[in-house]
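Below: one structure, written as structure tokens.
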Amino acid sequence: MRENRLIEVYCFNGQPKVFADIHLDKGVRICTYNEDCSYADLVLKPEDRKLMQKFPADEILKQSIDLSKKLSKDFRFVRVDWMLHQNKLYFEELTFTPYSGFSTFDKKWNLKMGNWINLEGV
């Protein structure tokens, strides 16, 4: 099946920790995962809560995670974005301030993500 998806990989000190898999076919549907590919309760933006669904992690998601490790190795934090179009994975961008700072995560995820950032040596 051909599908269109966005995959956002949140990397901390070169390690992918949480991922958003955004399915664009048949309306927008979002699933978020922890680093072990179990389902996460991360809501990207409050208005996205109604779009959250559970999808099993697949090889495309795992491939984007592996590639994101390489791209993020020199950064304390970066979100690596991918587009899947017609069964081909394309690099989209490195994002250093997701949503340009205009959206926030809930307190639980702010604390969790903040603890993942190693500021040693800054």
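Bear in mind that the values here come from a model prediction, so they are computed numbers and not experimental data. Because only heavy atoms are used, hydrogens play no part in the values below, and waters and symmetry mates are left out as well, while side chains stay in. All residue numbers refer to positions in the sequence shown, counting from 1.
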Can a donor-acceptor pair be found, under 3.5 Å and without considering hydrogens, that links the side chain of Asp25 to the backbone of Asn4?
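A pair under 3.5 Å: yes.
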
Can you tell me if Asn110 uses its side chain to pair, donor with acceptor, with the backbone of Phe105 under 3.5 Å?
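Yes, Asn110 side chain to Phe105 backbone: donor-acceptor pair under 3.5 Å.
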
Test side chain to side chain contact (heavy atoms under 4.5 Å, CB included) applied to [X] - qualifying residues, sequence neighbours left out:
| X | result |
| --- | --- |
| Asp41 | Lys108, Trp109 |
| Leu111 | Lys107 |
| Asp58 | Arg5, Ile60, Leu61 |
| Thr97 | none |

What's the spacing between [X] [atom1] and [Y] [atom2] if we round to 0.5 Å?
| X | Y | atom1 | atom2 | answer |
| --- | --- | --- | --- | --- |
| Ile7 | Met83 | CD1 | CE | 10.0 Å |
| Met52 | Cys31 | CE | SG | 6.5 Å |
| Lys17 | Met113 | NZ | CE | 11.5 Å |

Residue pairs, two or more places apart or on separate chains, that pass ring-ring contact (aromatic ring centres under 6.0 Å, His included) and touch residues 26-54
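Every ring-ring contact (aromatic ring centres under 6.0 Å, His included) pair that includes a residue of residues 26-54, provided the two are not neighbours, is Tyr33-Tyr39.
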
Quick one: which residue pairs count as a ring-ring contact (aromatic ring centres under 6.0 Å, His included) with a foot in residues 42-67, not counting sequence neighbours?
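Every pair satisfying ring-ring contact (aromatic ring centres under 6.0 Å, His included) with a residue in residues 42-67: His23-Phe55.
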
Flag side-chain contact, heavy atom, 4.5 Å: [X] against [Y]:
| X | Y | answer |
| --- | --- | --- |
| Phe91 | Leu71 | yes |
| Glu93 | Arg79 | yes |
| Val80 | Leu94 | yes |

Testing the basics here: between [X] and [Y], what is the closest heavy-atom pair and its distance to 0.1 Å?
| X | Y | result |
| --- | --- | --- |
| Glu8 | Tyr10 | OE1-OH, 3.5 Å |
| Asn118 | Asn13 | N-ND2, 2.9 Å |
| Asp81 | Thr95 | OD2-OG1, 3.5 Å |

Hydrophobic clustering (ILVMFWY, side-chain heavy atoms < 4.5 Å, transitive) - are [Y] and [X] grouped together?
| X | Y | result |
| --- | --- | --- |
| Leu51 | Leu24 | yes |
| Val18 | Val43 | no |
| Ile22 | Phe19 | no |
| Leu89 | Val9 | yes |

May I have all residue pairs that pass side chain to side chain donor-acceptor pair (under 3.5 Å) and include part of residues 62-72, sequence neighbours excluded?
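Side chain to side chain donor-acceptor pair (under 3.5 Å) check on residues 62-72 returns Ser68-Trp82.
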
By ring-ring contact (aromatic ring centres under 6.0 Å, His included), which residues pair with Phe96, not counting sequence neighbours?
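Partners of Phe96 by the ring-ring contact (aromatic ring centres under 6.0 Å, His included) criterion, ordered by chain and then number, come out as Phe75.
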
For Phe12, check ring-ring contact (aromatic ring centres under 6.0 Å, His included) against everything at least two apart and list the hits.
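Residues passing ring-ring contact (aromatic ring centres under 6.0 Å, His included) with Phe12: Phe77, Trp116.
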
State which residues pass salt bridge (charged side-chain N to carboxylate O under 4.0 Å, His left out) with Glu92; sequence neighbours excluded, sorted by chain then number.
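Partners of Glu92 under the salt bridge (charged side-chain N to carboxylate O under 4.0 Å, His left out) test: none.
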
Taking only residues two or more places apart in sequence, or in another chain, which ones meet Asp106 in a side-chain hydrogen bond (donor to acceptor under 3.5 Å, both in side chains)?
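Residues passing side-chain hydrogen bond (donor to acceptor under 3.5 Å, both in side chains) with Asp106: none at all.
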
